[in-house]
Number of protein chains: 2
Amino acid sequence: MTKEGIALRIAQLRQQMEREGIDAYYVVTDDYHASEYVGDYFKEREYLSGFDGSAGELVVTKGEACLWTDGRYFLQAAEQLEGTGIKLMKMREPGVPTVPEYLAQNLAEGQTVGYDGRTVSNATAEAIEKACKSLHLAYRTDLDLVDRIWENRPSLSAEKVWELSDQLTGETRAQKLGRVREYLKKHDCNAHLIASLDDIAWLYQLRGGDVDFNPVFLSYSIVLMDKAYLYANPAIFDHETTLNLQLDGVEIRPYEQVYRDIPSVLAGRTVLLSKSKVNRALFSCIPVDASVVDETSPETLFKACKTKTEVENERTAHIRDGVALTKLIYWLKTQLNGSPDLLMKRVTELDVSDRLLKLRMEQEGFLEQSFAPIVATGAHGAIIHYEPTEATNVPVKNNTFLLMDTGGQYLQGTTDVTRTVLLGRASQKMKELYTAVLRGHIRLGSAVFKRGITGVNLDVLARAPLWELGYDYNHGTGHGVGYLLNVHEGPQGIRLLEPGRKIGAPLEEGMITSNEPGIYLAGEFGIRLESLTVVQKGQETDFGQFLQFETLTMVPFDPEVILADRLTAPEKAWLNRYHETVRNTLAPFLTAEENAWLAEVTQPLP
Amino acid sequence: MTKEGIALRIAQLRQQMEREGIDAYYVVTDDYHASEYVGDYFKEREYLSGFDGSAGELVVTKGEACLWTDGRYFLQAAEQLEGTGIKLMKMREPGVPTVPEYLAQNLAEGQTVGYDGRTVSNATAEAIEKACKSLHLAYRTDLDLVDRIWENRPSLSAEKVWELSDQLTGETRAQKLGRVREYLKKHDCNAHLIASLDDIAWLYQLRGGDVDFNPVFLSYSIVLMDKAYLYANPAIFDHETTLNLQLDGVEIRPYEQVYRDIPSVLAGRTVLLSKSKVNRALFSCIPVDASVVDETSPETLFKACKTKTEVENERTAHIRDGVALTKLIYWLKTQLNGSPDLLMKRVTELDVSDRLLKLRMEQEGFLEQSFAPIVATGAHGAIIHYEPTEATNVPVKNNTFLLMDTGGQYLQGTTDVTRTVLLGRASQKMKELYTAVLRGHIRLGSAVFKRGITGVNLDVLARAPLWELGYDYNHGTGHGVGYLLNVHEGPQGIRLLEPGRKIGAPLEEGMITSNEPGIYLAGEFGIRLESLTVVQKGQETDFGQFLQFETLTMVPFDPEVILADRLTAPEKAWLNRYHETVRNTLAPFLTAEENAWLAEVTQPLP
């Protein structure tokens, strides 16, 4: 897009604003479902501003257009906004107002703020509208002004939906609906409104392809006590699926019809919904004679605890994924390392990423990647959200780390794994820091903890070995992961207590959570070691039920950068046991050469 | 007190209730200052019920009298209430109503609840009164009905006050008042109301003797920007102290006069106070044209971070205290252990407690004990709040643990230390559990952590080695400790995240906090290992300022029950360093025999 083109779009938007009496129009990044990744149809902020980072908000007034984004994107946004007339607002930098502060400074009493209520969660909308009220500003949320000026807007994605068999999940759709209705009863509710795509996909045992990396489909749903409505493009369901849904009392209705249905379907009912996951426009349709119970959606809680069948399948998925990544590491370490290709810089980050994707595609059950792969050489590894693209891609460097954070969607589950591999020779510092991150990973991975504990209480286990050396990482240590669903899901998490941030749910049997400490040295390199774990029951004693993590990921660590004498005896024992499991588990799927190499790198530390 | 006497007192109270139109009268345990320990004058609940546990609440209606207490006191309360007609309400047991629930079930609309507003914090009172309003009950808080019937009520304590020299604290009273006034300014306040006795004692550099174990004096205070009022019995100040206070702009006024002064002194002002520390009656006196800012009192925050002088003095206090306790342990281990006295059961818990007190009294600067000593043999050690009294006292047992949790008030600071000592022979289980508790103690004590972290994030370090074995303890891991003040103080703490419980303040340089994991096996024994620590600055790196604990307590652990092979190398190194420090530090103050023994028990683990 040219800079002039962007300026023209802003001018067109201002014409629409004037027509509707809007003094400031607010465009966010979300789709109608608060999804982490959004389809092309929803990229209004990118269309209007030319800025294509994953986070950003635009406010257009008569005189100004400003784009807010966070530290990850300051450079990129400055470049992309240059010449467009749009002002960059660096979030959380001193002197930079927040959006509400900006509105307070730039609008006069009685003026009107507008935004598309479908793109903002009800919880956020309540905060914005409270701010507007205190500033005596009016607001309108029923307008999609960008849609009116967007020429050749991509159409809404309409990829086919397919059914996940009960054999893969260990539970039928009818059983899930039964559990959800039990939960509604317990909360004295008789209706349930859902807008989050992964919750809907889990509940109906359906998967789709409307969002990159997340096998979900555009939909809303209302669950009543005796039937359920699934609002989605009817064309994406085949006849058999439609019938199967009917058998379970689920009726498919057109996607947009939910807004027209809510007033009648929810009339007089007590509706359970999560305000942070239901958009403002949906919420506005709820009739006044309905009451709302703002609670975590039962699907969010239920899907976090995988069934025994799902856990067993996840083990399979992780073995297959481990085979792919281990084969890649074998190639990196034995074929690329020291080879003319590496030394003459003929292999790039994207080459490695492509090779890994091909190896994954050879695995049974593999469907797609579970997020945009991070393959980062040297200093790129220190950029936590780095993704190699044609623009950033560089050859893999010698005598530094290659950090690879990647994952796959398999019929048997979702993987997410980070290994950091040395190519060439390592400095003492590189070894010390790799060992510290590994110790943190082992400490958390080997933790035994009491039922009822949240990840807030466990995070320090992963950080302690880093803190001892004066290092830290500026991200959480663990996030929940779906079953053939989103690679990031709640309600649990492993992170430090942060003021104002919600504390995650207690860790429960069957929850799959990542374990990913790291160290990032700007301009030098990054180290992150990530495996997925599943919570298992440990012993039950007079003091309570104890839980522990089973590590699902099956990929060796890099012994070339492990300082064995820095590990405590229990840490060493954990690592040796893990490496033995990896070796034995992967052996049947590797070549003789690969096995010989794996035996070498997984031999017990003395 | 006889059972009939109690019944008579309840009857007398009912007469007073009738006279004042009160349908339910509520008597709590607190004094007027929300103190942990209360003087005899304040023991209305004990006077009325005969129950003398440290926690309990009484509600008397026309037809019933009920006493609520918690699990620690179910047995004792049942015994003491038997025959009095007072019903025991076991707090938090299924089916037992809370006080508000009880009032809802037993009072009718329009009836009146009464209590002495001086004995209930404003925060608690707000909750009670909200409950009353929703039940359409009236309430009165200006009555002390027990006072009217209490024959020979003890008089208010009026122990002499003395000044703590600036040399001991490293800061003058004027400097402290200056810091408090800065804090008031920062919060746009021009007045400050204080009722908590340790906050007042800290601010004015005064100590007293009105509360057992806590060297504080009964008082309130109002700090204005140019002067301050100290409300206390004028007779407890000598002439010099009165003059010194005057020089710093502090005027002494009679204790009870605060209630009459507040309306005029605070008129039109913005008053900073902590609602959880100011009683309801004080709060009620605040005039309507004053505004209230409910904030942590600056004294609470300031006194938590000890000055460099205080920390240096604390080191001295802990050496002296360590000498006393180490001499006691020497006696226990070498003179008592295996001796006819032990085997013929001629030495009781109270004997040990008395001997320790005598040893402390021989130390320079020792003033009094900092809390009621816990000296618990065998199964008594498993009762977390056990204190030996004439009624519970037993001879010290052989082949089990003796748990001693004791402390002293010294001019140089406050100590609080727990050591668990084996007498006779230990089972393998005893050794395993002692070692696990020691490992938890060492893990926390050796932690390095980032500035900004609260104790919630660190607690798991102490518990992890216990959880690994299926054990846990049902108390926090660390509490703040004052400087020659209360042995329990805020605002920091080290404990797990508990729903509904406030998260402590971040750990800061100079904070003194206990480190006290334990294991309690009902009917068998208890193990607790407690040292006090002070937070010190560690390195500052690109990743932030790091902090660490310096252990102040100087008393060896018991090598007879340490399984050296269970300790990791860093744990062993910490213990060996600690024992070396203890040995070298205490040596000048011990006899040759004691030193020989100490060298033996502190020799490095292999």
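Note that the structure is a prediction, hence the values are computed from the model and not measured. In what follows, chains carry the letters A, B, and so on, assigned in the order in which the sequence lines appear, proteins first and then strands, with residues in each chain numbered from 1.
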(request) Below 4.5 Å from any heavy atom of chain B, which atoms of A:F546 appear? Answer side chain, backbone, both or neither. (result) side chain
(message) Looking at chain A, which one of B:I519, B:L458, B:I453, B:L521 has the largest number of heavy-atom pairs inside 4.5 Å, strictly under?
(response) B:I453
(request) Select one option (side chain, backbone, both, neither) describing which atoms of A:L466 are under 4.5 Å from chain B's heavy atoms. (result) neither
(message) Given A:V456, which partner from the list B:L496, B:V460, B:L497 fulfils the side-chain contact (heavy atoms from CB on, under 4.5 Å) test?
(response) B:L497
Check every N and O of chain A against chain B and note each donor-acceptor pair under 3.5 Å, with its distance.
residue: A:K450; atom: NZ; partner: B:D472; partner atom: OD2; Å: 2.7
residue: A:V456; atom: O; partner: B:N457; partner atom: ND2; Å: 3.0
residue: A:N457; atom: ND2; partner: B:V456; partner atom: O; Å: 3.0
residue: A:L469; atom: O; partner: B:Q539; partner atom: NE2; Å: 3.3
residue: A:G470; atom: O; partner: B:T541; partner atom: OG1; Å: 2.7
residue: A:D472; atom: OD2; partner: B:K450; partner atom: NZ; Å: 2.8
residue: A:Q539; atom: NE2; partner: B:L469; partner atom: O; Å: 3.3
residue: A:T541; atom: OG1; partner: B:G470; partner atom: O; Å: 2.7

